[in-house]
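Below: the structure, in C-alpha cells.
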Amino acid sequence: MNSPAAPKTFHVKSFGCQMNVYDGARMSELLEAEGLSAADSADADLVVLNTCHIREKAAEKVYSDIGRLIKREDGSKPIIAVAGCVAQAEGAEIARRAPSVGVVVGPQAYHRLPELVAKAAGGATAVDTDMPAEPKFKALPGRRRQGPTAFLTVQEGCDKFCTYCVVPYTRGAEVSRPWSQVMDEARALIDMGAKEITLLGQNVNAWEDDGRGLHDLIAAMDKLPGLERIRYTTSHPNDMAEGLIRAHGEVEKLMPFLHLPVQSGSDRILKAMNRSHTTESYLRVIERVRAARPDIALSGDFIVGFPGETDEDFEATLRIVEATRYAQAYSFKYSPRPGTPAATMDDQVPAEVADERLQRLQALINAQQLAFNQATVGRRTNVLLERRGKHPGQLIGKSPWLQSIHLETEAAIGDLVEVDILSAGPNSLGGAEAVKQAA
Ligand code: 5AD
Ligand code: SF4
C-alpha cells in the first residue's frame, strides 16, 4: 500500500457543540505550530473531522463526509483524522468501517495529533482514545489566532449520567482546569483582541478550584482590562450556586443571558432521565435568576419522545416553556444512543408521535423567541460587531441578550457600538447606530 507523504496543509471541520469549536481551534493552532498551514477541505493534505456523537444524525455525518473526502476530482487522497466524540465512542471500529481513516483521536488525546498523523503518514492506522484531561491542556501550544469573541474551556466532562446522554462516556469525568491556567489563557485571548469570552464546560457551573466557584472566576475576569463581555455555557440547574445567581446582578461584564436546560416539564420523565431536579426546583432557580437580573434572556434544551413520554408528559413540557418564557431554546427528538441506559428502556415512543410533538414544541419556542425579540425593539443597547453581513457596509453583531443584530455602519469588526433596535424577526434584529448626543 502507498503511504501518504507528511502533510503540509490541513483542514479542521468541527461538528456539534461549542466545545468542539474550541477543540477545533486548538487543533488548528497545534498543527500550525508544527509548520502546517490551513487549506480548504477539498485540497488539504490532512483533514480532521472533529465529530459529535450526541444524536444519531450527528454521528452518521462522519461517514458521509469520509465518503466525500475520498472521492476528490484530482485523485489526491488526504490523511483523514477522525477526532471528537464519535472517535471516543467508536475508537478503532471507525477505521474498520472506513479503512481510508488514518487517525482516530478522542477529545482528551488530541494534543498527540502530530505524532498520530506522522504514524498515519507512515502507513499505519493510529488510534488514541486515552482519557486523562489535564495533560492535554499542559501539552498544547499557546493560543494564536483570535477574533473579537473567544471560547475558553474551563471544565470538561460530566458526572451526572442523564440516562439519554453519551457525554459522560465520550468526554469522561468532570474535571476543572486550574484557576491560573484559565486566567492565563483569558489574558492571552484578550491580548489577541478578544472582547468577549465565553467560558465553556459540559457542566460549566460545576467548575471549582480549591473552594472557588465559577462566580469567583467570573468576578476575577470582570477586572481584566480590555475584556468587555463574559458569558458561560452550559449549566446544570442543580449547580446554580447562590453566588453565581448574584453575579448576574452584580458583575457588570457578565451578559444577561443564561442557557439552562431542563429537558422536560414532567417530573416523571425527569426522574427517568436521572436529571436529579424537578420542574419546581428548576422554576425556583429561574425565579431567583430573574430577581437578580430582571432583563435576563433565558435559553434551554428540550428532548421530546423520551421512552415512556405520554401526551400528558408532553403537555407538561409545553407548560414549563410557557411558564419560563424563553428568549430562545433548542429542542430535539430523543435519539437512542448506544451504551446509554435509556436506549434499552421499554416504551420507546414511535417516530411519528415524537415528530408531531417536536413540531408543536418548536412552534411555541419560535413564538416566544419572536416575542422576546419584538420586546427589545425601541431599546438602545451595545452590540459587539462580529462579522460582515450580505450587503455592502453591513455588519452583524450580538446584543447583550445574544441576539444577532444587522446594521449598516462604518465601525469595524471587534468594535462595541451603541445601537437602536428598529425591527425584529424570529432569528435576527435590524438596528441603526445610535446618533451620539453632542456633549
Ligand atoms: N437524544 C436527543 N437529544 C439529546 N441531547 C442529549 N442527548 C440526547 C439524545 N440522546 C440533547 C440535550 C442536551 C443537548 C446538548 O442535546 O437536550 O442538553
Ligand atoms: Fe457532541 Fe456533546 Fe461531544 Fe459536544 S460534548 S461534541 S455536543 S457529544
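- Atom CD of Glu56 has 12 or fewer heavy atoms from other residues, nucleotides or ligands within 6.0 Å.
- Residues Thr279 and Leu270 come closest through the heavy atom pair N-CD1, 3.7 Å.
- Side chains of Asn205 and Gln155: no donor on one and acceptor on the other come within 3.5 Å.
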### Task
Show your working on salt bridge (Lys or Arg N to Asp or Glu O under 4.0 Å) between Glu29 and Arg143 and close with a plain yes or no.
CA-CA 7 Å; Glu29 290 164 349; Arg143 306 302 317 263; 3.0 Å; yes

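- Looking at Glu196, its side chain never comes within 3.5 Å of a backbone N or O of Glu228 through a donor-acceptor pair.
- The two residues Asn238 and Arg275 come nearest to each other via the heavy atoms ND2-O, 4.1 Å.
- Using a distance-only test at 3.5 Å, with no hydrogens or angles considered, a donor-acceptor pair links the side chain of Thr163 to the main chain of Ala272.
- When all heavy atoms of Met255 and Glu252 are compared, the closest pair comes out as CE-O, 4.4 Å.
- The aromatic rings of Tyr330 and His259 stand perpendicular to each other, their planes meeting at an angle above 60°, with 30° marking the opposite boundary.
- Every pair passing ring pair (Phe, Tyr, Trp, His ring centres under 6.0 Å) that includes a residue from residues 169-208 is listed here, sequence neighbours excluded: Phe161-Tyr169.
- Side chain of Asp128 to backbone of Asp130: a donor-acceptor contact under 3.5 angstrom is found.
- In terms of heavy-atom proximity, Pro148 sits nearest to Leu384 at O-CD2, 4.2 Å.
- Interatomic distance, Gln403 CD to Phe372 CZ, rounded to the nearest 0.5 Å: 5.0 Å.
- Shown here is Arg387, whose CZ atom has no more than 12 heavy atoms of other residues, nucleotides or ligands within 6.0 Å.
- Under the 6.0 Å cut-off for aromatic ring centres, Phe302 and Tyr326 qualify, their centroids lying closer than that.
- For residues 232-245, the set of pairs meeting the salt bridge (charged side-chain N to carboxylate O under 4.0 Å, His left out) definition, not counting sequence neighbours, comprises Lys160-Asp239, Glu242-Arg246, Glu242-Arg288.
- Distance OG1/Thr198 to OH/Tyr22: 12.5 Å, rounded to 0.5 Å.
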### Query
Yes or no on side-chain hydrogen bond (donor to acceptor under 3.5 Å, both in side chains) for Ser299 and Gln328, after CA distance, side-chain angles and deciding distance?
CA-CA 5 Å; Ser299 166; Gln328 57 156 80; 3.3 Å; yes

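- Pairing each heavy atom of Ser399 with each of Arg229, the nearest pair is C-NH2, 3.6 Å.
- Of the charged side-chain nitrogens involved, at least one lies within less than 4.0 Å of a carboxylate oxygen, so that Arg97 and Glu60 count as a salt-bridged pair.
- Atom OG1 of residue Thr381 and atom CD1 of residue Ile405 lie 6.5 Å apart, to the nearest 0.5 angstrom.
- No side-chain N or O of Gln18 forms a donor-acceptor pair with one of Thr233 less than 3.5 Å apart.
- Few gaps surround CZ on Arg72; more than 12 heavy atoms of other groups in view lie less than 6.0 Å from it.
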Less than 3.5 Å apart, which donor and acceptor atoms pair up between the side chains of residues 114-127 and the rest of the protein, not counting sequence neighbours?
none

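- Using a 3.5 Å distance cut-off with no hydrogens or angles, the side chains of Tyr334 and Glu309 do not pair a donor with an acceptor.
- Checking Thr149 against Glu386 by side-chain atom types alone, no donor-acceptor pair falls below 3.5 Å.
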